[in-house]
Visitor: 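Supplied in structure tokens, the structure appears directly below.
Quick caveat, the model's predicted, so the values are computed rather than measured.
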Amino acid sequence: MISKQIIINEVASQSNLSKEDAKKSVDAIVEGLDYFISKGESVHILNFGTFELRKQKSKVSYNIHSKEKYLLEERAIPFFKASKTLKNKIKK
């Protein structure tokens, strides 16, 4: 798994930014994604993909230990859909 620090180091090396400036940039992007997605907005990044919230319908579930059933309320879950460009890069 790639950590946030590895991404910061890669951004710093590719953009000739200091690691501190790269960290600020990565943090700003993540905060922006958090803000817009939490407001229900879809965020599309060209040649990368789309981040959005999707509704998960309410359903009956159960506790595997006690076999007790309970209702899971409808909720929003984050979802990422990769672009065709990213999918093609992954295939290679």
Side-chain angles (χ1 to χ4, degrees):
M1 180 189 299
I2 301 297
S3 69
K4 185 177 174 183
Q5 188 60 49
I6 294 171
I7 293 171
I8 291 168
N9 292 340
E10 186 66 21
V11 168
S13 70
Q14 287 192 19
S15 63
N16 294 324
L17 292 173
S18 68
K19 286 188 180 182
E20 185 60 33
D21 287 341
K23 180 183 183 313
K24 288 178 185 177
S25 298
V26 171
D27 286 343
I29 290 168
V30 170
E31 286 177 26
L33 288 171
D34 286 349
Y35 175 77
F36 288 111
I37 295 168
S38 68
K39 297 288 184 190
E41 298 288 333
S42 293
V43 178
H44 177 74
I45 300 173
L46 189 62
N47 296 327
F48 186 70
T50 303
F51 298 89
E52 63 186 6
L53 285 180
R54 291 204 174 165
K55 298 288 183 188
Q56 186 175 45
K57 295 179 181 180
S58 60
K59 64 181 179 179
V60 176
S61 188
Y62 68 96
N63 181 318
I64 60 172
H65 300 291
S66 68
K67 307 295 185 207
E68 180 181 336
K69 291 184 180 182
Y70 59 95
L71 180 66
L72 286 174
E73 301 282 329
E74 181 179 283
R75 59 188 176 155
I77 56 170
F79 180 79
F80 173 73
K81 181 177 180 184
S83 70
K84 288 182 183 180
T85 304
L86 180 59
K87 288 177 185 179
N88 289 335
K89 286 180 183 179
I90 292 170
K91 285 182 183 179
K92 292 182 180 179

Visitor: Mind checking what makes salt bridge (Lys or Arg N to Asp or Glu O under 4.0 Å) contact with Lys4, not counting sequence neighbours?
Guide: Asp27
Visitor: Among all residues two or more places apart in sequence or in another chain, which pass the side-chain hydrogen bond (donor to acceptor under 3.5 Å, both in side chains) test with Gln14?
Guide: Glu10
Visitor: By the rule that ILVMFWY residues connect when side-chain heavy atoms come within less than 4.5 angstrom, directly or transitively, which residues belong alongside Ile77?
Guide: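 None; Ile77 is a cluster of one.
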Visitor: With sequence neighbours left out, which residue pairs that include part of residues 72-92 fulfil the ring pair (Phe, Tyr, Trp, His ring centres under 6.0 Å) condition?
Guide: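 Residue pairs with at least one partner in residues 72-92: Phe48-Phe80, Phe51-Phe80.
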Visitor: Applying side-chain hydrogen bond (donor to acceptor under 3.5 Å, both in side chains) as the test, list every pair that has at least one member in residues 58-77; sequence neighbours left out.
Guide: Gln56-Arg75
Visitor: Distance check, rounded to the nearest 0.5 Å: Lys57 atom NZ versus Leu72 atom CG?
Guide: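 Lys57 NZ to Leu72 CG: 15.0 Å, rounded to 0.5 Å.
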Visitor: Could you list all the side-chain hydrogen bond (donor to acceptor under 3.5 Å, both in side chains) pairs where at least one residue sits in residues 35-51, not counting sequence neighbours?
Guide: Ser42-Glu52, His44-Thr50, Asn47-Thr85
Visitor: For Asp34, which residues count as a side-chain contact (heavy atoms from CB on, under 4.5 Å) partner, sequence neighbours excluded?
Guide: Val30
Visitor: Going by the side-chain contact (heavy atoms from CB on, under 4.5 Å) test, name the single residue among Leu17, Val11, Ile8 that passes it with Lys23.
Guide: Ile8
Visitor: Are Leu46 and Leu33 grouped together when hydrophobic residues (ILVMFWY) are joined by side-chain heavy atoms under 4.5 angstrom apart?
Guide: no
Visitor: Which heavy atom in Ile37 sits nearest to a heavy atom in Leu53, and how many Å separate them?
Guide: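 Scanning both residues, the minimum pair turns out to be O-CD1, 3.1 Å.
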Visitor: Salt bridge (Lys or Arg N to Asp or Glu O under 4.0 Å) with Asp21: which residues, sequence neighbours excluded?
Guide: none
Visitor: What pairs of residues pass the salt bridge (Lys or Arg N to Asp or Glu O under 4.0 Å) test when at least one of them lies in residues 79-89, not counting sequence neighbours?
Guide: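 The answer is none; no pair qualifies.
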